[in-house]
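Bear in mind the structure is a predicted one, so any value in this text is a computation, not a measurement. Because only heavy atoms are used, hydrogens play no part in the values below, and waters and symmetry mates are left out as well, while side chains stay in. The chains referred to below are lettered A, B, ... by the order of the sequence lines, with proteins before strands, and numbering in each begins at 1.
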Amino acid sequence: MPAQTMEELVSLCKRRGFIFQSSEIYGGLQGFYDYGPLGVELKNNIKNAWWRANVHERDDMEGLDASIIMHRLALRHSGHEATFNDPMVDNKKTKKRYRLDHLIKDQKADVLAKVAAAVNEAPENIAAVSARLMEQPARAAEILVEAGVRDAFSGEVGEWTEPRPFNMMFKTSIGPVADEDSFGYLRPETAQGIFVNFKNVVDSTSRRLPFGIAQIGKAFRNEITPRNFVFRVREMEQMEIEFFVAPGTDEEWHEHWLEQRLKWWEDQGVPRQKIIVEDVPADDLAHYSKRTYDLMYDFPTLGHDEIEGIANRTDFDLGSHTKGQAELGLTAQVMENSDSVAKLTIPHPETNKPVVPFVIEPSAGVDRALLAVLSEAYHKETLENGNERTVLKLRPHLAPIKVAVIPLARNKPELVDLARRIKADLQRLGLGRILLEDSGNIGKAYRRHDEVGTPYCVTVDFDTVGKGEDASLTDTVTIRDRDTLAQERVAIADLAEWLTARLR
RNA sequence: GCGGGAGUAGCUCAGCUGGUAGAGCACUACCUUGCCAAGGUAGAUGUCGCGAGUUCGAAUCUCGUCUCCCGCUCCA
């Protein structure tokens with residue numbers, strides 16, 4: 001049975017070196033986590049599995065690794081500067097907090113009219129009313145009270161605070177001298193690094209539609225409430241594909257990617273039955289999306305929550321970043337762009353006319369993937385002798401340690417030396433991390449490795465070095481299987497083949 | 001940001017109405033012909049989350065702060 005609570009996962013992660021709180025010795029930093037010795041192996045394995053499936057094994061994909069700090073104009077035209085900046089107001093009486101525009105929109109018509117009139121805007125233009133209020137925050141608080149803006153929670157007129165802007169993007173100054181004008185943003189999604197490189201990739205690879213660009217990398221968001229371990233964090237890692245298709249073929253490609261991605265999750269040990277595919281309702285869609293499927297994994301404690309979003313971003317992004325928008329017949333409503341110097345078009349596969357492609361975006365969180373993989377792999381089992389063991393039944397390609405080589409007695413140099421040589425030989429196969437385990441006794445070593453998901457333990461005993469009772473076992477070792485506990489005697493000469501067949 | 005709960009050894013926790021910190025497990029070294037957290041001997045371990053205050057004296061009382069958990073709010 002998979003993990004029942006998030007707590008037991010958090011505890012295992014810390015105890016065995018998967019994930020630590022960031023800057024812990026200084027009191028910790030909310031919403032940031034560090035990956036430990038085993039965490040980094042697991043994380044790398046997940047990223048490699050994704051890269052292999054989506055880049056190397058496809059013929060229609062290119063890879064990319066763009067910079068994290070981006071030009072402020074890139075994130076203005078992407079729409080993030082505006083939408084990542086929601087003003088919020090608090091009601092001092094009820095202690096509730098609302099987005100200013102949501103609060104105004106939910107008022108009765110006469111109240112809304114009063115607020116709008118106070119800032120000389122039309123009541124139906126909520127965004128403009130909100131923007132006017134933000135120009136004079138102190139007065140805004142008075143306007144809200146005077147107009148009788150009610151708190152839906154209490155039904156009464158609230159004691160409203162000044163609306164304050166909440167900046168969701170991390171800003172940083174560029175260059176050694178902090179200057180008002182020389183700042184950039186840490187990207188809030190890796191996607192924008194792909195869009196601004198669209199022309200570079202097309203020009204350097206001669207790609208034609210349909211094709212995709214894949215990228216794995218960090219992204220940063222000033223979440224208001226980082227919570228739930230690595231589920232909602234301010235620094236995260238994404239695995240994103242922007243798949244470019246001819247307008248009109250976008251809907252079938254959207255279905256294609258939904259299917260591909262569910263298959264991938266299954267290969268990582270996250271079964272379909274544990275994932276709900278949510279067709280995101282229109283009013284919850286992001287500013288760029290026409291339709292989005294959210295893959296909701298059934299996390300312990302949290303319940304169903306998003307591990308991947310597969311969005312149809314239409315021609316919004318390339319349309320936003322391109323010059324000469326007017327003559328391109330864009331379907332998405334985009335901000336006028338007089339800053340970009342490039343026309344982001346590609347020949348239409350049938351007409352050969354320049355066209356701004358549509359984009360299907362499968363976007364998964366590495367940290368969330370790791371959490372989902374861990375909770376599926378986590379098992380507590382009662383053994384035949386009544387003892388309990390914790391075991392991570394990770395798929396072998398994801399296991400942080402592939403093989404532990406264990407000398408049966410650690411004070412016998414001939415056993416330890418041979419174990420060390422076997423370790424070094426296996427390491428050269430490139431299967432991943434092989435560990436020489438010479439602490440504690442054999443039983444403890446097995447349990448330790450169960451707990452971190454090591455698929456195989458190789459034990460060197462006295463028979464191996466010809467000092468046992470059975471001479472026919474010389475130059476053979478015991479391989480112990482994590483899941484079945486079964487042991488098999490294998491010649492050292494056959495070890496590489498035996499393990500490669502099962503771990504690759 | 002609000003309300004509630006919590007923070008003592010690597011882990012789980014004890015520590016009363018203030019008197020200078022403890023258990024189990026884990027860990028380290030050595031021994032063990034030993035295969036599923038086995039046994040023996042020896043050993044190390046804490047700014048009691050952090051900072052102030054009260055006090056002769058604070059893990060214990062007060063305040064502030066950080067972090068974690070739960071519920072709101074928010075989540076492009």
Side-chain angles (χ1 to χ4, degrees), chain A residues 5-7 10-12 14-17 21-33 75 78-99 102-103 151-153 161 164 166-169 188-189 191-192 219 221-229 231-234 284-289 292 301-302 305-306 309 311 363 381 383-385 387-391 406-412 415 439-451 457 459-463 465 467-470 477-482 485-487 489:
Chain A
T5 66
M6 193 58 87
E7 215 176 347
V10 174
S11 169
L12 176 71
K14 173 161 192 203
R15 193 156 33 87
R16 299 310 309 276
Q21 173 92 51
S22 172
S23 302
E24 199 176 15
I25 63 168
Y26 287 107
L29 194 54
Q30 199 182 12
F32 295 91
Y33 288 89
L75 289 155
S78 70
H80 288 89
E81 206 173 59
T83 58
F84 266 48
N85 220 327
D86 301 321
M88 313 278 283
V89 276
D90 293 292
N91 181 353
K92 282 187 260 186
K93 210 189 286 176
T94 61
K95 310 289 185 198
K96 298 287 169 190
R97 170 183 293 165
Y98 299 94
R99 259 173 72 166
H102 288 181
L103 179 69
D151 184 333
F153 178 77
T161 61
R164 290 173 298 169
F166 272 60
N167 298 307
M168 305 296 277
M169 281 198 292
E189 55 175 10
Q192 295 307 322
R221 297 172 191 186
N222 254 322
E223 299 285 354
I224 295 173
T225 314
R227 255 227 198 148
N228 297 324
F229 200 37
F231 185 82
R232 170 159 290 116
V233 285
R234 290 186 165 137
D284 281 346
L285 289 174
H287 63 276
Y288 47 69
S289 178
T292 297
T301 305
L302 303 185
D305 227 325
E306 185 183 349
S363 169
E381 286 181 351
L383 301 176
E384 281 178 21
N385 62 11
N387 288 339
E388 201 173 66
R389 72 162 182 165
T390 301
V391 53
I406 309 170
L408 193 53
R410 55 192 162 137
N411 59 342
K412 294 286 183 288
L415 298 186
S439 65
N441 63 57
I442 186 71
K444 288 183 187 178
Y446 287 158
R447 293 300 173 79
R448 284 170 59 87
H449 282 280
D450 285 342
E451 204 179 35
C457 288
T459 302
V460 174
D461 59 19
F462 289 94
D463 290 317
V465 294
K467 291 191 177 176
E469 285 162 12
D470 188 346
V477 289
T478 304
I479 302 181
R480 179 260 194 186
D481 184 286
R482 175 194 70 198
L485 308 184
Q487 302 196 17
R489 201 81 199 180

Any side-chain heavy-atom pair from [X] and [Y] closer than 4.5 angstrom?
X	Y	result
A/V460	A/I406	no
A/F231	A/L302	yes
A/L485	A/Y446	no

Starting from [atom2] on [N], measure out to [atom1] on [X] and report it in whole angstrom.
X	N	atom1	atom2	value
A/E451	B/G10	CD	P	17 Å
A/R410	B/C27	CZ	C1'	11 Å
A/R232	B/C72	CZ	P	14 Å
A/L408	B/C35	CG	P	7 Å
A/L415	B/C35	CG	C1'	13 Å
A/I406	B/A37	CD1	P	13 Å
A/R489	B/C35	CZ	P	13 Å
A/R16	B/A26	CZ	P	13 Å

Name all residues meeting the side chain to side chain donor-acceptor pair (under 3.5 Å) criterion together with A/R232; count only those two or more places apart in sequence or in a different chain, and write none if there are none.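 Result, side chain to side chain donor-acceptor pair (under 3.5 Å) vs A/R232: none returned.
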Hits for side chain to side chain donor-acceptor pair (under 3.5 Å) against A/Y33, two or more places apart or cross-chain, chain-then-number order -> none
Name the nucleic acid region contacted by [X], choosing base, sugar-phosphate or nothing; use a 4.0 angstrom heavy-atom cut-off, strictly under.
X	answer
A/Q487	base
A/R480	base
A/F229	sugar-phosphate
A/K412	sugar-phosphate

Paired with [N] by Watson-Crick or G-U wobble geometry, both distances under 3.5 Å: which nucleotide is it?
N	result
B/C13	B/G22
B/A38	none
B/C2	B/G71
B/A59	none

In whole Å, what separates the [atom1] atom of [N] from that of [M]?
N	M	atom1	answer
B/U8	B/G49	C1'	10 Å
B/U67	B/A42	P	45 Å
B/A6	B/C30	P	44 Å

For A/D461 and A/K467: C-alpha separation, side-chain torsions, deciding distance, then whether salt bridge (charged side-chain N to carboxylate O under 4.0 Å, His left out) applies. CA-CA 9 Å; A/D461 59 19; A/K467 291 191 177 176; over 6 Å; no
Okay, side chain of A/R16, backbone of A/R448: is any donor-acceptor separation there less than 3.5 Å?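 It does hold such a pair.
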For A/R389, what residues pass the salt bridge (Lys or Arg N to Asp or Glu O under 4.0 Å) criterion, not counting sequence neighbours?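 If we apply the salt bridge (Lys or Arg N to Asp or Glu O under 4.0 Å) test to A/R389, skipping adjacent residues, the hits are A/E381, A/D450.
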Residues in salt bridge (Lys or Arg N to Asp or Glu O under 4.0 Å) with A/D305, at least two apart?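 Checked A/D305 against salt bridge (Lys or Arg N to Asp or Glu O under 4.0 Å); zero matches.
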Any chance you could lay out the side-chain hydrogen bond (donor to acceptor under 3.5 Å, both in side chains) test for A/R489 and A/T478, step after step, and finish with the verdict? CA-CA 5 Å; A/R489 201 81 199 180; A/T478 304; 3.1 Å; yes
Would you list the protein and nucleotides 38-45 of chain B atom pairs, both N or O, that sit under 3.5 Å from each other?
| residue | atom | partner | partner atom | Å |
| --- | --- | --- | --- | --- |
| B/A38 | OP2 | A/K444 | NZ | 3.2 |
| B/A38 | N7 | A/N441 | ND2 | 2.3 |

Table of protein N/O atoms under 3.5 Å from nucleotides 11-13 of chain B N/O atoms:
| residue | atom | partner | partner atom | Å |
| --- | --- | --- | --- | --- |
| B/C11 | OP1 | A/K14 | NZ | 3.2 |

If each of A/Y33 and A/R447 is mapped to the nucleotide of RNA chain B with the nearest heavy atom, which maps nearer the 5' terminus, i.e. the 5' end? A/R447
On RNA chain B, nearest-nucleotide positions of A/Q21 versus A/L485: which is more 5'?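 It is A/L485 whose nearest nucleotide is closer to the 5' end.
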Taking every non-hydrogen atom, the tightest pair across A/D463 and A/G468: OD1-CA, 3.0 Å
Please state whether the phosphate of [N], meaning OP1 or OP2, lies under 4.0 angstrom from any side-chain nitrogen or oxygen of [X].
X	N	value
A/N228	B/C70	yes
A/Q30	B/C66	no
A/N411	B/C30	no

